[in-house]
Amino acid sequence: MNAILPLRALGRAPRRRVGLFGGSFNPAHDGHVYIAREALKRLALDEIWFLVSPQNPLKSGRDMAPLAARLARACAVCAGDRRLRALALESELGTRYTADSLAALRARFPKTRFVWLMGADNLGQIDRWRGWRRIFHTMVIAVFARPAYDGKALAGKAARALSTARVAPRRARRLATFAPPGWTFFPVRHHPASATELRARNARSRRG
């Protein structure tokens, strides 16, 4: 189940609960797997799909590894857990922005109960994303703690605007069955892995 799969291989999908974990994954690491497993447990999900983005519109492509390399790495770190899949669905869907990607996936898999997964760093700046309000009204969202970002994110524009849609963690096990908008915040422990540090370590290694 960890193979890099094309969209057609996913079929039409029976009724199930799937977490969508989007990002550059430059590179994917154990911290991402930790969050995925927390999501599986806390949200009673059947699977997590790592959606490896061709290029984040808000990030520079200067130090971005090729999509094929990032996708292969995401697949590798998911190995050993049949509930995790590494996918490049945005490339196949032809979408660039998250709002469009999520709408396309809901249309493609109407029987699947999706939850969008993100870190607190993304919640803090999601109001800069194109169609960010549409994202909240397309799919329920689970936000996971990132210690340096939590306070600012939970006091930020998006969290304030959607404050009445916030779901307490104790009720979030059923979040996938809720109609959007609905979101929750999980104050999970910090995982030390960092994509920035991994890139720096790899650069030092190449320099010898």
Side-chain angles (χ1 to χ4, degrees), residues 2 4-5 7 18-40 42-43 45 47-79 81 83-105 114-132 135-136 138-150 153 156 158 183 185-186 188 190-200 202:
N2 297 110
I4 301 171
L5 299 173
L7 183 60
V18 174
L20 299 177
F21 195 0
S24 301
F25 297 106
N26 186 41
H29 52 68
D30 289 344
H32 296 129
V33 175
Y34 163 70
I35 291 297
R37 287 176 173 158
E38 286 292 313
L40 286 165
R42 293 169 182 264
L43 297 162
L45 300 176
E47 298 178 1
I48 303 287
W49 297 355
F50 281 54
L51 304 186
V52 184
S53 172
Q55 173 61 50
N56 185 327
L58 297 180
K59 290 185 177 180
S60 168
R62 186 176 57 186
D63 63 347
M64 191 71 66
L67 175 61
R70 290 183 285 116
L71 185 58
R73 169 72 176 182
C75 183
V77 301
C78 292
D81 194 327
R83 301 167 297 176
L84 307 182
R85 299 175 182 258
L87 306 160
L89 296 188
E90 287 181 311
S91 290
E92 295 194 61
L93 291 168
T95 55
R96 183 182 182 194
Y97 298 100
T98 297
D100 298 328
S101 301
L102 300 190
L105 285 170
F114 286 116
V115 181
W116 177 249
L117 312 177
M118 68 167 67
D121 53 331
N122 282 326
L123 176 64
Q125 51 94 52
I126 196 172
D127 60 286
R128 296 169 54 201
W129 297 15
R130 178 176 293 191
W132 70 270
I135 293 172
F136 277 90
T138 298
M139 200 169 288
V140 292
I141 298 171
V143 181
F144 292 82
R146 293 286 304 276
Y149 300 94
D150 296 350
W183 66 281
F185 172 78
F186 290 120
V188 296
H190 175 59
H191 192 284
S194 162
T196 301
E197 175 55 33
L198 285 171
R199 290 196 301 274
N202 289 339

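Basis for what follows: all heavy atoms, side chains included, without hydrogens, waters or symmetry-related copies. All values derive from a computational prediction rather than experimental measurement.
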**OP:** Please confirm whether the backbone N or O of Asn26 pairs with a side-chain atom of Asp63, one donor and one acceptor, at under 3.5 Å?
**Re:** no
Original post:
Are Val77 and His29 close enough that some pair of their side-chain heavy atoms sits under 4.5 Å apart?
Top reply: no
Subject >> Partner set under salt bridge (charged side-chain N to carboxylate O under 4.0 Å, His left out) for Glu90, not counting sequence neighbours >> reply: none
**OP:** For the pair Phe25 and Phe21, name the ring-plane relationship: parallel under 30°, tilted 30 to 60°, perpendicular over 60°.
**Re:** perpendicular
Subject >> Ring geometry between Phe136 and Trp183 (parallel below 30°, tilted from 30 to 60°, perpendicular above 60°) >> reply: perpendicular
Original post:
Looking at side-chain heavy atoms only, is the closest gap between His191 and Ile35 below 4.5 Å?
Top reply: no
**OP:** Could you check if a side-chain atom of Arg130 sits within less than 4.5 angstrom of a side-chain atom of Arg96, using non-hydrogen atoms only?
**Re:** no
Original post:
Heavy-atom distance under 4.5 Å between the side chains of Leu102 and Phe114, does that happen here?
Top reply: no
Subject >> Validation row: Leu43, Phe186 side chains within 4.5 angstrom (heavy atoms) >> reply: yes
Original post:
Could you state the interatomic distance from CD1 (Ile48) to CG (Leu87), rounded to the nearest 0.5 Å?
Top reply: 11.5 Å
Subject >> Polar side-chain atom of Arg85 near backbone of Glu47 as donor-acceptor pair, under 3.5 Å >> reply: no
Original post:
Got Leu123 and Tyr149 here, is their nearest side-chain heavy-atom distance under 4.5 Å?
Top reply: no
Original post:
With side chains defined as the heavy atoms from C-beta onward, is the minimum distance between Trp116 and Leu51 less than 4.5 Å?
Top reply: yes
Subject >> Test item: Arg146 side-chain N/O and Ala120 main-chain N/O as donor-acceptor pair under 3.5 Å >> reply: no
Original post:
Given side chains that start at C-beta, do those of Leu105 and Leu93 come closer than 4.5 Å, heavy atoms only?
Top reply: yes
Subject >> Spacing of Cys78 atom SG and Arg73 atom CZ [to the nearest 0.5 Å] >> reply: 10.5 Å
Subject >> Rounded distance (nearest 0.5 Å) linking atom CZ of Phe144 with atom CZ of Arg42 >> reply: 7.0 Å
